[in-house]
Every structure is written in structure tokens, then in C-alpha cells.
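Scroll down for the structure; my scribbles are underneath it.
Just so it is clear, the values below take in all heavy atoms, side chains as well, and ignore hydrogens, waters and symmetry mates. Everything numeric here is computed off the predicted structure, so don't read it as measured data.
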Amino acid sequence: MARLELGLDTFGDVTAGADGVPLPYDQVIRNIIEQAVLADELGLAFFGVGEHHREDFAVTAPEVVLAAIASRTQQIHLGTAVTVLSSDDPIRVYERFATLDAVSNGRAEVILGRGSFTESFPLFGFDLGQYEELFSEKLDLFAALRSEGPITWEGNLRPPLVGQEVFPKTASGSVTTWIGVGGSPESVIRAARYGIPLMLAIIGGPPAQFAPFTQLYRQALEQLGTPQLPIGVHSPGHVADTDEQARDELWPHFAVQRERIGRERGWPPPTRAEFDAGAGPEGAIYVGSPRTVADKIVRNARLLGLDRFDLKFSNGTLAHDKLMRSIELYGREVAPLVHEALA
């Protein structure tokens with residue numbers, strides 16, 4: 001297989017300071033920039049910043065944060081994880097990322113998705129009853145914009161476009177785009193139909209259960225006569241010097257975040273046994289020593305035929321210094337082990 005790209009994702013979780021008190025939003029955002037600078041220095045391929053509109057996350061405008069990161073980095077590609085297209089304007093999204101592409105000298109990527117939360121719908125005046133229609137129509141428009149030529153397009157939710165253009169144009173001719181998918185066959189086929197790379201969010205259960213989706217994507221591309229496109233995976237995790245240290249550092253923060261979200265969604269409280277199972281060889285949490293995390297990435301990269309793996313390294317209030325150490329180990333130790341094993 002081609003060299004696996006290794007990236008990092010953060011949702012901009014509000015982290016705790018040394019005293020255990022949550023940091024103010026402005027400090028969290030500045031810390032994210034420092035995390036990305038370190039990732040660039042370590043030679044990692046991608047740094048993604050999520051978009052959320054709730055009190056436990058600091059980033060609502062990821063492109064602004066990414067532009068700041070672009071000014072302090074040289075090589076790392078910069079994107080979202082994800083852009084909630086359903087509650088945004090596709091034209092404005094394209095314009096912002098085309099601008100980021102210019103600022104970063106061609107390093108911008110956008111991962112389009114529906115997001116795992118719905119706060120942006122009432123915030124921006126969208127009807128949750130149109131959840132599916134909003135994403136489908138806006139993705140169709142965004143796909144048309146990728147040509148960067150005059151656009152003639154018509155949908156049901158906004159006025160049509162007739163021969164209109166969007167600026168600025170990118171140097172490469174299009175913004176690098178992925179579609180983030182949680183694992184439905186319809187979403188996988190839709191990504192193939194638009195000829196857009198696939199990013200699977202695997203946040204629970206055995207990664208092996210997603211193999212049919214990667215196979216379906218490749219088969220759909222082949223049937224459509226489209227060249228094979230990259231497939232990536234986004235999963236949570238944490239790297240420390242030993243397996244025990246990594247699990248003990250992550251668990252309290254992972255548990256609090258999971259319990260908070262679970263209360264909103266009617267999930268049962270998380271248990272340590274459930275967490276340890278997810279951290280095991282067959283689970284979806286990449287937590288442990290560099291060797292343990294590397295082995296798990298290698299196994300699933302082979303199983304799913306991946307071109308990129310993005311570790312969601314921020315998890316709840318886990319402190320900035322622990323995140324920086326995790327990034328350092330991921331870049332200095334995990335990455336060489338993975339690349340050596342897949343060479």
C-alpha cells in the first residue's frame with residue numbers, strides 16, 4: 001500500500017488547567033495553535049479542527065483558527081473535522097476554504113459532514129425536520145462549486161444560480177475535499193457518486209465492522225468509472241509512555257465527556273470495562289504506548305485499506321500538557337513504527 005498519512009484531529013475540547021479548573025476559551029484556542037505547530041514540526045500530514053456550538057468546545061469558527069495555524073506552520077495540511085455543511089452556506093464554505101488554501105499555500109482541506117451534534121440548527125435558524133434534505137442539497141451545490149467555473153444549479157431550499165462564479169480561485173483548481181461518514185451505505189455511495197474521498201468516523205465498536213463500507217466505496221467508484229480515491233479513518237485515542245499510563249490518564253476525562261453526551265442522548269453511563277474493551281486490540285479507541293497504538297493503526301490500515309489515519313487526540317478536559325506529550329509520542333515514535341511496518 002502507499003505510504004499511510006498520519007494526522008491529528010481536535011474538537012477544541014475545553015481542557016482543564018493544572019488546578020483542575022477548565023481553562024477560558026481564549027486560552028484553549030491558543031493552545032490548539034501550539035498543538036498544531038508541534039504537529040507540523042514533527043512532520044505529521046494533517047491537523048483537523050472540529051466545529052461545534054456548545055459550551056464544552058471552544059471552536060465555532062475553525063477556518064479562523066486554521067488560518068492562524070497556517071501562519072505558523074510550513075508543511076502540515078489543515079482542515080476541519082468536520083464542517084457542518086447542513087447548517088452553513090456551501091458558497092461561503094467554499095470561499096473560506098479557498099481563502100485558507102491561499103493563506104496556507106495550498107494546504108487547505110475541508111471534511112464535509114452533518115456533525116454529531118445538532119445545536120447549530122436552531123442557532124442558525126434551520127429546521128431539524130429537514131436534516132437529510134439540507135445536507136443532500138448543500139452537498140450537491142458544494143460538489144458543483146468544486147469545478148471553480150461558472151455555476152448553473154438549482155435546488156429546493158435556496159434560489160438557483162445561473163452562470164455565477166465563486167472567488168477566490170485556488171491555485172490547484174479546487175479545494176481538497178473529503179466527505180465524513182458515520183457508516184451508512186447510502187452515505188458511502190453518495191461520496192463515490194460525487195467523486196470525493198471518504199473519511200470514516202469510527203468512534204465505537206470493532207473497526208473490522210467497517211470493512212464492508214470501504215469495499216462498497218471502492219466497488220461504487222469502479223462501477224462509476226471513477227479512479228480509486230483516498231479513504232481515511234478518524235478515531236479517538238491518547239498516547240503515553242505505557243499502556244497503563246495512557247489508559248489511566250484518558251479514562252476520567254473520557255468518562256465525564258461520554259456521560260455528559262450520553263445524558264443528552266439516553267445512553268447508559270460508561271464503565272471502565274467498556275472503555276478497556278474499546279482500548280483493546282479489537283476496539284475503536286487508540287490508547288496506549290507508542291507500540292500499542294502503532295500496532296493497532298497498522299492492523300486496521302491493512303484491514304480497511306486506508307490512505308490516512310487521523311487520531312482524535314483531544315478528549316474532554318484532558319490537560320494541554322498531556323495532549324502535547326501525546327502529540328510528541330505520536331509524531332516521534334508512533335509514526336516511524338507505522339511507516340516501517342507498512343513499508
Side-chain angles (χ1 to χ4, degrees), residues 5 7 45-51 61-63 66-67 70 77-115 132-182 186-201 217-218 220-232 234 307-308 310:
E5 292 186 340
F46 177 78
F47 192 88
V49 179
E51 173 200 347
E63 301 93 340
L66 293 168
H77 281 229
L78 304 170
T80 44
V82 297
T83 290
V84 185
L85 189 64
S86 310
S87 56
D88 211 328
D89 184 318
I91 293 175
R92 293 294 289 137
V93 172
Y94 200 91
E95 289 174 339
R96 295 197 300 264
F97 275 90
T99 302
L100 176 64
D101 202 61
V103 170
S104 65
N105 195 20
R107 293 185 282 135
E109 301 186 9
V110 59
I111 304 179
L112 304 172
R114 285 176 265 204
E132 178 60 37
E133 185 181 9
L134 282 164
F135 183 73
S136 296
E137 182 166 306
K138 291 184 178 190
L139 179 59
D140 189 67
L141 174 54
F142 192 95
L145 296 169
R146 294 181 70 225
S147 71
E148 296 195 352
I151 301 298
T152 296
W153 177 93
E154 185 172 353
N156 297 319
L157 301 177
R158 58 161 294 150
L161 300 171
V162 180
Q164 290 171 275
E165 294 191 59
V166 172
F167 302 95
K169 311 295 185 184
T170 60
S172 64
S174 192
V175 171
T176 298
T177 305
W178 300 70
I179 295 180
V181 172
E186 296 78 13
S187 296
V188 170
I189 292 172
R190 176 162 49 195
R193 189 172 71 247
Y194 285 118
I196 297 177
L198 179 72
M199 180 63 68
L200 285 168
Y217 181 68
R218 293 190 178 92
L221 289 173
E222 184 176 355
Q223 291 173 4
L224 291 163
T226 303
Q228 291 298 309
L229 296 168
I231 298 175
H234 150 109
D307 300 279
R308 192 164 88 199
D310 292 341

Side chains of Tyr217 and Leu229 in contact at under 4.5 Å (non-hydrogen atoms): yes
Paired with Trp178, the side chain to side chain contact (heavy atoms under 4.5 Å, CB included) test is passed by just one of Ile111, Thr80, Leu112, namely Ile111
For Asp310 versus Phe46, what's the shortest heavy-atom pair and its separation? OD2-CD2, 3.5 Å
For residues Val166 and Ile151, determine if any side-chain heavy atom of one lies less than 4.5 Å from a side-chain heavy atom of the other. no
Among residues at least two apart in sequence or on other chains, which ones pass side-chain hydrogen bond (donor to acceptor under 3.5 Å, both in side chains) with Glu148? Tyr94, Thr170
Expected output: side-chain Asp307 to main-chain Ile231 donor-acceptor under 3.5 Å: yes
Would you say the side-chain atoms of Arg114 and Ser187 include a donor-acceptor pair closer than 3.5 Å? yes
Any chance you could measure Phe47, atom CZ, to Leu66, atom CG, to the nearest 0.5 Å? 8.5 Å
Check side-chain hydrogen bond (donor to acceptor under 3.5 Å, both in side chains) between Ser86 and all other residues, then give those that pass, not counting sequence neighbours. none
Lys/Arg N to Asp/Glu carboxylate O, Arg190 vs Glu132, below 4.0 Å: yes
My understanding is that only residues two or more places apart in sequence, or in another chain, count here; which of them pass side-chain contact (heavy atoms from CB on, under 4.5 Å) with Ala143? Tyr194
Above 12 or not: heavy atoms from other molecules or residues under 6.0 Å from CZ of Arg158? yes
Using a 6.0 Å distance limit plus a 45 degree cone around the ring axis, check whether Lys138 lies over the aromatic ring of Phe135. no
Name the residue from Arg107, Glu109, Arg308 that meets the side chain to side chain donor-acceptor pair (under 3.5 Å) definition with His77. Glu109
Kindly say whether Leu85 contributes a backbone atom to a donor-acceptor pair with the side chain of Thr83 at under 3.5 angstrom? no
Gln164 versus Ile91: any side-chain heavy-atom pair under 4.5 Å? no
Taking Gly163's backbone N and O only, do any of them form a donor-acceptor pair with Thr152's side chain (distance below 3.5 Å, no angle check)? yes
Checking the side chain of Glu63 only, and the main-chain atoms of Leu100 only, is there a donor and an acceptor separated by less than 3.5 Å? no
Heavy-atom closest pair, residues Ala45 and Glu5: CB-CB, 3.8 Å
May I ask you to test the Trp153-Asp140 pair for a side-chain heavy-atom distance under 4.5 Å? yes
Distance, nearest 0.5 Å, that separates CG of Leu134 from CG of Asn156: 11.0 Å
Within the side chain of Ser136, is there an N or O that forms a donor-acceptor pair under 3.5 Å with the backbone of Glu133? no
Do you know which two heavy atoms are closest between Ala81 and Gly48, and how far apart they sit? CB-C, 4.3 Å
Taken to the nearest 0.5 Å, the spacing of Glu51 CD from Asp88 CG works out to 6.0 Å
Mind listing the closest non-hydrogen atom pair of Ser174 and Ser172 along with its distance? O-OG, 3.0 Å
In this structure, CD of Glu137 is separated from CD of Glu154 (nearest 0.5 Å) by 9.5 Å
If you measure from CG on Leu221 to CD1 on Ile189, what distance do you get to the nearest 0.5 Å? 10.5 Å
Quick check: does any side chain N or O of Gln228 sit under 3.5 Å from a backbone N or O of Arg218, one acting as donor and the other as acceptor? yes
Where do Pro62 and Gly50 come nearest, in terms of heavy atoms and distance? CB-O, 3.9 Å
For Leu198 and Ala191, the nearest pair of non-hydrogen atoms, with its separation, is CD1-CB, 4.2 Å
Within a 6.0 Å radius of atom CD on Glu222, are there more than 12 heavy atoms belonging to other residues, nucleotides or ligands? no
